[in-house]
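Structure record follows, encoded as structure tokens.
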Amino acid sequence: MYAFDYRRPHSLNEADLALKAHPGAKLLAGGQTLIPAMKLRLAEPGQVVDLGGIGDLKGITQKDGAIRIGAMTTHAAVAESTVVAAALPGLAALAAGIGDPHVRNRGTIGGSVANNDPGADYPAAVLALGATVHTSKRAIGADQFFNGLFSTVLEESEIITHIDFPVAERFAYAKFANPASRYALVGVAVAKSKSGVRVAVTGAGASGVYRLPQAETALAASFSAKAVDGLKIDASNLMSDIHAEADYRAHLIGVMLRRAVG
Amino acid sequence: MSSVTLTVNGRTVTADVDPRTLLVDFLRTNLRLTGTHVGCDTSQCGACVVHVDGRAIKSCTTLALSCAGSQVTTIEGIGTAAKLHPMQEAFREHHALQCGFCTPGMIMAGIDLVNRKGAKVDEHTIREELEGNICRCTGYHNIVRAIETGAAGMAAMKQAAE
């Protein structure tokens, strides 16, 4: 790891000032991605601003038909939350399937969403549920937020504060995990609400998480695994790597989609 | 250098550290608590698992400075040579180790999973919960048995304390 200067602000305002004073500073949330990247010298920030000291960024509440999750809430806290289990049990199950127990005790929802790893689980839930990402500057809709591999519309000095997930009639996430890393080789999130059905795919897309309109149309007409059985999944926009070819990922999308619909 | 104050095994310690110091290096180098190991150094093997504020974490993937004000418990803090923690006793009884390198992390992970899942944790759950701890010797069977026994021992210890 290269040397860096460290700041641990105790309020959002202090964090804002630290970011403004040091352009290029990296925000440290749970550190389960950033610290390994720094150890490998893939990331070499001169300044790290640790959000761990800001209590306001943690916690889960339910308000106006939505679950609000603070950016620094750990995966373990989401997985164990009685509020999430009652309103969106599929989201609690998603959180319980990230990494391993020790990683879940440190890793945070804000860190995961901001990093937008193409194999991460949370982006699929954010997109399928049509969640709103709130930052220190604005509110960003899920359809606008993700912006390609490891990329979002977040600006350099913008901090995610919390994410609002509208409570759906039904929400489920099915993942085929890479057996070594537990990242999604393919993950499919399906949300059914009054406004319709939304389907999001992670782990597979060459540009990261994306929606599957033809599955949404089929499920809106008939919400059953049978309705999407035999759905043709286009493999031309999917990743091929040492873990899986695009064709295999396309096949797995169909399987995970049917499992998520149940 | 930055100053950090945290509590390790009940003792409050203050030190000046380079910001890039990982918690595991702080424990091993500054405090000479070498029971916590570095195996893979890439957040996979779990040899470095310690408890921070009552939860198991990988100390090779946490900055020491991020633990300011926290309560840290390491393998050295759970029992003594004369009176082992029930989870340590169970690992000995079931011969749940061969080389022993992963054992501190396994025991800290075992205690954490019993804290979260309760004493009646079943074999399948234990195996699932050991996702983040790798043992290259035992094949895990005795580790799983030890955690089952250790869970019962922890329940008995808790009952005795009440």
Side-chain angles (χ1 to χ4, degrees), chain A residues 1-10 25-55 58 72 74-77 79-80 96-108 111 177-183, chain B residues 1-5 16-25 38 40-70 105-106 108-117 121 125-134:
Chain A
M1 212 186 294
Y2 288 111
F4 57 86
D5 183 38
Y6 176 89
R7 289 282 177 276
R8 189 177 169 84
H10 293 283
K26 270 282 190 189
L27 290 170
L28 175 66
Q32 302 303 285
T33 299
L34 180 58
I35 292 175
M38 288 168 69
K39 286 164 80 172
L40 291 167
R41 297 185 169 181
L42 296 171
E44 43 181 307
Q47 176 113 14
V48 169
V49 178
D50 187 346
L51 300 175
I54 308 175
K58 284 179 205 161
M72 286 296 286
T74 63
H75 309 322
E80 292 165 11
I98 299 172
D100 63 49
H102 324 312
V103 168
R104 292 195 286 276
N105 279 335
R106 290 291 299 174
T108 66
N178 179 314
S181 71
R182 298 284 149 181
Y183 274 100
Chain B
M1 300 293 266
S2 299
S3 176
V4 65
T5 299
D16 281 325
V17 299
D18 183 318
R20 61 189 144 167
T21 306
L22 299 166
L23 178 59
V24 69
D25 293 328
V38 178
C40 68
D41 202 25
T42 53
S43 3
Q44 296 170 69
C45 80
C48 68
V49 169
V50 301
H51 296 181
V52 172
D53 298 325
R55 306 290 301 223
I57 61 111
K58 288 179 166 165
S59 62
C60 82
T61 313
T62 305
L63 298 177
L65 290 177
S66 292
C67 298
S70 289
M106 286 285 179
M108 298 312 283
I111 294 171
D112 176 67
L113 87 86
V114 174
N115 286 342
R116 286 182 292 111
K117 301 277 176 180
V121 63
T125 307
I126 294 171
R127 289 185 184 274
E128 289 279 312
E129 288 285 324
L130 289 180
E131 171 67 37
N133 294 80
I134 295 173

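Throughout, a chain's letter reflects where its sequence line sits, starting with A, and its residues are numbered from 1. As the structure is a computational prediction, the values presented were derived from the model and not from experiment.
The heavy-atom pair separating A:P101 from B:R116 by the smallest distance is CB-NH2, 3.7 Å. Between B:R20 and A:M1, the shortest heavy-atom contact is NH1-O, 2.9 Å.
Checked by atom type, the side-chain pair B:N133/A:H102 shows a donor-acceptor distance below 3.5 Å.
Taking the side chain as every heavy atom from C-beta outward, A:L28 and B:S66 approach each other to under 4.5 Å. For the pair A:P36 and B:T61, the minimum side-chain heavy-atom distance is below 4.5 Å. At a threshold of 4.5 Å between non-hydrogen side-chain atoms, the residues A:R8 and B:L65 do not count as touching. Using a 4.5 Å cut-off on side-chain heavy atoms (C-beta onward), B:L63 and A:F4 make contact.
In the displayed structure, A:K26 atom NZ is contacted under 6.0 Å by at most 12 heavy atoms of other residues, nucleotides or ligands.
Between the B:R55 side chain and the A:N105 main chain, no donor and acceptor come within less than 3.5 Å of each other.
Rounding to the nearest 0.5 Å places CZ of A:R106 at 10.5 Å from OG of B:S59. Taking CD1 from B:I57 and CZ from A:R104, the interatomic distance works out to 15.0 Å, rounded to the nearest 0.5 Å. Note that the OG atom of B:S43 and the CG atom of A:D100 stand 8.5 Å from one another [nearest 0.5 Å].
Using a 4.5 Å cut-off between heavy atoms, B:D112 contacts chain A through its side chain alone, with no backbone atom that close.
Interface summary for chain B: among A:T74, A:V103, A:D50, the most heavy-atom pairs under 4.5 angstrom belong to A:D50. No other option in B:L130, B:V52, B:T42, B:D41 has as many heavy-atom pairs under 4.5 Å with chain A as B:D41.
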